[in-house]
Amino acid sequence: MSKTIFERICAKEIPAQIVYEDEQVVAFRDINPQAPTHVLVVPRRPIPRLAEATAAEQALLGHLLLTAAALARQLGLSGGYRLVINNGPDGGESVPHLHVHLLGGRVMGWPPG
Ligand code: DGP
């Protein structure tokens with residue numbers, strides 16, 4: 001199987017504005033930002049999407065969310081922010097590698113599109 005674009009970013013094979021990384025996750029600026037702050041937090045392990053995550057990934061999923069919350073603090077999103085996980089075609093997922101969108105720096109509308 002060929003690598004996903006996010007695996008290639010995690011491996012530094014293609015450039016991205018990385019804002020955080022550790023042994024489990026990498027966070028980088030979205031190439032097409034939908035808010036003044038738009039960061040993607042991705043597991044290094046290429047889980048295609050949330051629906052395919054298993055109980056074995058429970059700790060990793062928690063780490064993804066806690067990393068997003070820590071980054072929101074670090075990036076100064078004190079007024080609030082939104083986390084989004086798009087799952088499957090109806091959910092608007094375009095890259096088949098699980099990722100959490102961290103969006104902030106503006107007031108979010110509801111319902112989302
Ligand atoms: P989704 O639609 O939830 O699968 O979101 C995928 C996001 O990934 C989308 O907001 C654009 C972003 N993206 C796609 N390719 C690249 C890339 O090569 N670099 C970066 N930084 N972001 C990318």
Side-chain angles (χ1 to χ4, degrees):
M1 279 261 295
S2 59
K3 286 185 186 174
T4 68
I5 190 107
F6 291 169
E7 277 181 279
R8 298 188 66 205
I9 287 173
C10 291
K12 313 243 171 81
E13 291 170 7
I14 58 173
Q17 279 185 266
I18 292 176
V19 295
Y20 174 81
E21 62 182 317
D22 63 27
E23 66 286 348
Q24 294 184 83
V25 304
V26 179
F28 52 89
R29 305 265 180 195
D30 195 291
I31 205 168
N32 183 24
Q34 301 301 310
T37 297
H38 188 171
V39 167
L40 302 173
V41 189
V42 315
R44 291 184 185 275
R45 189 184 309 167
I47 302 162
R49 59 195 56 80
L50 186 63
E52 288 169 51
T54 68
E57 276 118 16
Q58 185 166 320
L60 175 58
L61 295 178
H63 185 56
L64 274 180
L65 291 184
L66 290 173
T67 298
L71 281 170
R73 278 192 296 275
Q74 188 183 309
L75 295 170
L77 302 179
S78 55
Y81 54 87
R82 180 169 292 170
L83 302 183
V84 173
I85 299 177
N86 294 325
N87 189 98
D90 285 1
E93 176 194 335
S94 62
V95 176
H97 182 143
L98 178 62
H99 48 284
V100 176
H101 295 258
L102 167 61
L103 297 142
R106 66 169 170 83
V107 176
M108 301 292 153
W110 192 265

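Order of listing sets the numbers, starting from 1, for every ligand and every atom in it. Positions are given from 1 along the sequence.
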Next on the checklist: Could you walk me through whether D22 and H63 satisfy the side chain to side chain contact (heavy atoms under 4.5 Å, CB included) test, starting with their C-alpha distance in whole Å, then the side-chain angles of each, then the deciding distance to 0.1 Å, before giving a yes or no?
Outcome noted: CA-CA 11 Å; D22 63 27; H63 185 56; 2.7 Å; yes
Checklist outcome for this item: In chain-and-number order, ligand 1 lies under 4.0 Å from a heavy atom of each of I5, F6, I9, F28, R29, D30, I31, L40, N86, G92, E93, S94, V95, H99, H101
Item to check | Minimum heavy-atom distance L50-I85, with the two atoms named | outcome: CB-CG2, 4.3 Å
Checklist entry - Between the main-chain N or O of G88 and the side-chain N or O of E93, is there a donor-acceptor pair closer than 3.5 Å? => result yes
Next on the checklist: Quick check against the 3.5 Å criterion: does R82 have a side-chain atom that pairs as donor or acceptor with the backbone of V107?
Outcome noted: no
Next on the checklist: Does the plane of the ring in F6 sit parallel, tilted or perpendicular to the ring in H99? Use 30° and 60° as the thresholds.
Outcome noted: perpendicular
Checklist entry - Are L83 and L64 joined in one hydrophobic group, where the rule is that I, L, V, M, F, W and Y side chains link up if heavy atoms are under 4.5 Å apart? => result yes
